[in-house]
Amino acid sequence: MSELESEYRLEYFEENDFVRKECSECGAHFWTRDHDRTTCGEPPCEEYSFIDNPGFDDEYTMEEMRETFLSFFEEHGHARIDPYPVAANRWRDDVLLTQASIYDFQPLVTSGRTPPPANPLCISQPCIRMQDIDNVGKTGRHTMAFEMMAHHAFNAREEVGDRYAYSGEVYWKDRTVELCDELFASLGADVTEITYIEDPWVGGGNAGPAIEVIYRGAELATLVFMSLEQDPEGEYELKDGNRYSPMDTYIVDTGYGLERWTWMSQGTPTVYEAVYPDMIDFLKENAGIEHTDDEETLIHRAAKLAGHMDIDEADDMDAARDNIARKLDVNKHELESLMRPLEDIYAIADHCRALAYMFGDGIVPSNVGTGYLARMVLRRTKRLVDNVGIDAPLDELVDMQAKRLGYENRDTVRDIVRTEERKYRKTLERGGRRVRQIADEYAGSGEPIPTETLIELYDSHGIQPDMVREIAEERGATVQVPDDFYSLVAARHDSEQAFEDADRADDRLADLPETEKLYYEDQDRSEFEAVVLDVFEREEGYDVVLDQTMFYPEGGGQPADRGTISTGDVTAEVEDVQIRDGVVLHRTDRDPGKGEFVRGQIDANRRRRLMRHHTATHVVGHATRQVIGDHIRQAGAQKGLESSRFDVTHYERITREEVKEIERVANEIVMDNVPVKQEWPDRHEAEERHGFDLYQGGIPPGEKIRLIHVAEDVQACGGTHVRRTGDIGAIKILNTEPVQDGVERIVFAAGEAAIEATQRTEDALYDAAEVLDVSPQEVPDTAERFFAEWKERGKQIDRLKRELAEARAAAGADEVDIDGTPVVIQRLDADSDELRATANALVDEGKVAVLGSARGGSAQFVVSVPDGVNVNAGEVVGRLAAKVGGGGGGPADFAQGGGPDVDALDEALDDADDVLRTVLNA
RNA sequence: GGGCUCGUAGAUCAGAGGUAGAUCACUCCCUUGGCAUGGGAGAGGCCCCGGGUUCAAAUCCCGGCGAGUCCA
């Protein structure tokens, strides 16, 4: 019995004559108004009963259902909130995709550090869950993309006062269940059929009681009461084996699946037909799928049983399908050939919606992060489309969903899909060639292609084993894919992950007040006075804490200030500045003394350069978005003194033309000399006005955030900036390079650094011009001509060497006769090409060539033997080379070798005839 | 972020320490009235870049650049 059992004894249940029951099938505890009920109502304990028998008074489209839900909660005192992007990594670094509405408020709101945008609130949040990907299309109810409708209330215990960004209780369990119940009733549901299953929730270090809400076999909502946090000494032990204790904040976290509610209202065989009717029709027609009335009936009946098709719960797909076929009394293969294409079409519609969300919200395909997930989904979708025989281009299919979802950047989305599809096609072509080659190798041998090769093909070249099998079979080779294929692949990646220590809160700083940040008040000042609050000794040097400071601590990609802190008699160099929990630590070489009055002086020149680069970063970012597109987002940035780098998301290489245009637009903003403004608005107002693109460099905590306006560009930013764009002076883009797939780095310089960088580039050009003895403008043409001439000369030299060699051979150098074979033994002191050519020419005349050279600081030999002469050239070279302290070898008719002992070369050549005789007689 | 694979002729690839190759494409010649085609000849290479090992590196080692792919 759960220790949380008492948590579920709600007044609301008692007042409304609910009873607590235990499911006769699965043993779960649940609450119901129906006193005769025996099962919990959730598959597999019960089947869907709403198919062809809708559970609400009216049919709703997805749009209508969303509106109905949100306005219901608005009428019940909730504020409606706009949805967040599906790319959750835009505001948190612990997850990639938004998988639930509560993700929008983690970690800053749930921890109480930042107030929610409204309290209570309701929202319909687009989510993507990759975990269910294998179920999509097959179970009739799983989708990868979905909207989680939700109402949330953020509560804090009375006794903690206003320590958190919200206080007191808005509402808790009874009101939550009551609202849920009322929503059902307002739609005309038969509330006696609803079951509320007790199902404690645990996840991500938090936990709490939770209730699954089941109606006619479908799980329509989950009501989570997040109220516990992990604590080794906590009073509750939950199903994950950890102990938990109550938190100061407690949060109503609900989830109502928009698609399921829509489905429930329509009672179609699958959720997909309820939510994407137009797209399903289009895909069916395009794929040429038509059903007879009998088949249609069979599909309906199978759909009701499809709840069993869940690869998590059923042992495997095959068994589940078998099971359904038996219940319907039809042939399994018949059922399969009927259902498969439909399942693919359902999955395509769902995947296209997921892709529309991802690309619409600015995810760029990549080999890492969310971009990789998007790439996987796209490729999977492409395979499904090809499989089922749909000839519409993928970008059009994704666009159908993007249009429905109301995205405005549809052209970019289509461009991304096309680019990505092209890349995939190339990978498939490359892979196909590779597999055919391997298949041909094994086709003759009768052996199957080894598992090791399959793993290699998948891991290194992205070729699915199924594809290998297909191609191999065409070529007459066999393939056996082991069941544990993917775990074998995983085994190749079992290296341990290195963890970086998170900055731990420093106890020493707990009692110190936050340092007053003068650098935000006047960004041009470089001197200030302060009091030393404390000094901590470090291994090397000291950490000095002041009451206020002009020193900018490292952050937001901007390096820390340098300078000095001085009292009357001590001057300490500030070598680094860091910030911990709002306290600025000045790392110095000397101790100014606790309690002293000090004068601080920052290195103004250094700071000016950094400020120029920081403001320039905003300008370059803005210019890049204007030139390339709205999907451009900051993926990292580092400011410097000589240059800065700015990483942006983009799905192609940035061209030279684009660089020039970005540079032009950026410098236009500089020349416009507009003021750079900072403001500290309420965060939610700022988000309302400017959207999530504010947070290019991460999300700051707190009720108010600092915004920097540069021309039309607005960003949340903690850095220091120049007063007007004209103060930047000039911006010069130095280079662009790929950081990873989907991320391009723009390296640029601002102000005097831009001039310096340009001068360096010019110096290089002038130096080259001087060497070529032409004007800088003529350098490219001249270089091209020289390179062509250089290549031509190389060929000319080769020709001449060949002629020289022939001439030498014809001249008949000292020729000796060894056992009837003419042999030329000669020292040439030429390079190895020439030796080779000469030897070849001699061989053409039927002579054995033994040539030596001392070119290049070492002794070298070439020995060449004509056809029909029984001398092993390799052996001759080996013996000669041994005399000069080296080695050599080669095929029997041609060999090379040498050694370091140049002085012994002549002696070795003198002995060559003996060597030849020995080898000949052997 | 980490692992793995690959950079050789315009394209696709072979060569795996010892004289840089094949196929297609290209140029020219022959066959034809012209084309498809057939026969022959030729041109085309900083073997990605930089170090190292070696008598000798396209080949082995290290570093870089570039492309691809899998995993988190």
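These numbers were taken from a predicted model, which means no experiment stands behind them. So that the names make sense, note that chain A is the first sequence line, chain B the second, and so on, each numbered from 1.
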For the side chain of [X], counting heavy atoms from C-beta on, which of [options] is nearest?
| X | options | answer |
| --- | --- | --- |
| Met376(A) | rC70(B), rU69(B), rC46(B) | rC70(B) |
| Pro900(A) | rC46(B), rC70(B), rC55(B) | rC55(B) |
| Asp459(A) | rG3(B), rG66(B), rU19(B) | rG3(B) |
| Tyr458(A) | rU69(B), rC70(B), rA14(B) | rC70(B) |
| Arg433(A) | rU12(B), rC55(B), rG18(B) | rU12(B) |
| Glu456(A) | rG66(B), rC4(B), rC46(B) | rC4(B) |

Might you point out which heavy atoms bring Val865(A) and Val843(A) nearest each other, and give the distance in Å?
N-CG2, 3.8 Å
Indicate, with yes or no, if the rings of Tyr651(A) and His631(A) have centres closer together than 6.0 Å.
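Aromatic pair counts; centres sit under 6.0 Å.
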Flag the pair Tyr103(A) / Trp91(A) as yes when their ring centroid distance falls below 6.0 Å, and as no otherwise.
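No, ring centres 6.0 Å or more apart.
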Greater than 12 external heavy atoms within 6.0 Å of [X]'s [atom1]:
| X | atom1 | answer |
| --- | --- | --- |
| Asp763(A) | CG | yes |
| Glu470(A) | CD | no |
| Glu737(A) | CD | yes |

For [N] and [M], measure between their [atom1] atoms and round to the nearest Å.
| N | M | atom1 | value |
| --- | --- | --- | --- |
| rG44(B) | rC26(B) | C1' | 9 Å |
| rC28(B) | rC35(B) | P | 13 Å |
| rC65(B) | rU27(B) | C1' | 35 Å |
| rC60(B) | rG17(B) | P | 7 Å |
| rA67(B) | rU8(B) | P | 14 Å |
| rG15(B) | rG52(B) | P | 29 Å |
| rG40(B) | rA25(B) | P | 15 Å |
| rA20(B) | rC47(B) | P | 11 Å |

Any base atoms under 4.0 Å from [X], or only sugar-phosphate, or nothing? Heavy atoms, all strands.
| X | value |
| --- | --- |
| Arg855(A) | nothing |
| Gly462(A) | sugar-phosphate |
| Gly369(A) | base |
| Asn367(A) | base |
| Val884(A) | nothing |

Distance test, side-chain N/O of [X] to OP1/OP2 of [N], below 4.0 Å:
| X | N | result |
| --- | --- | --- |
| Arg375(A) | rU69(B) | yes |
| Arg434(A) | rU69(B) | no |
| Gln896(A) | rC55(B) | no |
| Arg653(A) | rA67(B) | yes |
| Lys795(A) | rA43(B) | no |
| Ser460(A) | rC6(B) | no |

Does [N] have a Watson-Crick or wobble mate here (both distances under 3.5 Å), and if so which one?
| N | answer |
| --- | --- |
| rA56(B) | none |
| rA16(B) | none |
| rU27(B) | rA41(B) |
| rU69(B) | rG3(B) |
| rG63(B) | rC49(B) |

Determine yes or no for a side-chain-to-main-chain donor-acceptor pair under 3.5 angstrom, with Ser858(A) supplying the side chain and Ala854(A) the backbone.
no
Test item: Ser864(A) side-chain N/O and Asn840(A) main-chain N/O as donor-acceptor pair under 3.5 Å:
no
Can you tell me the distance, in whole Å, between the [atom1] atom of [X] and the [atom2] atom of [N]?
| X | N | atom1 | atom2 | answer |
| --- | --- | --- | --- | --- |
| Glu429(A) | rA67(B) | CD | P | 18 Å |
| Phe861(A) | rU19(B) | CZ | C1' | 19 Å |
| Met130(A) | rC70(B) | CE | C1' | 14 Å |
| Lys426(A) | rU69(B) | NZ | P | 11 Å |
| Asp798(A) | rA43(B) | CG | P | 12 Å |
| Asp647(A) | rG1(B) | CG | P | 9 Å |
| Arg430(A) | rC70(B) | CZ | C1' | 14 Å |
| Leu457(A) | rU5(B) | CG | P | 13 Å |

Assign each of Ile463(A) and Gly899(A) the nucleotide of RNA chain B bearing its closest heavy atom; nearer the 5' end lies the nucleotide of Gly899(A)
Of Ser858(A) and Val489(A), the one whose closest RNA chain B nucleotide lies more 5':
Ser858(A)
Give the intermediate values and the outcome of side chain to side chain contact (heavy atoms under 4.5 Å, CB included) for residues Leu373(A) and Met130(A).
CA-CA 8 Å; Leu373(A) 300 180; Met130(A) 304 278 289; 3.9 Å; yes
So, does the side chain of Asp741(A) form a donor-acceptor pair with the base of rG68(B) at under 3.5 Å?
no
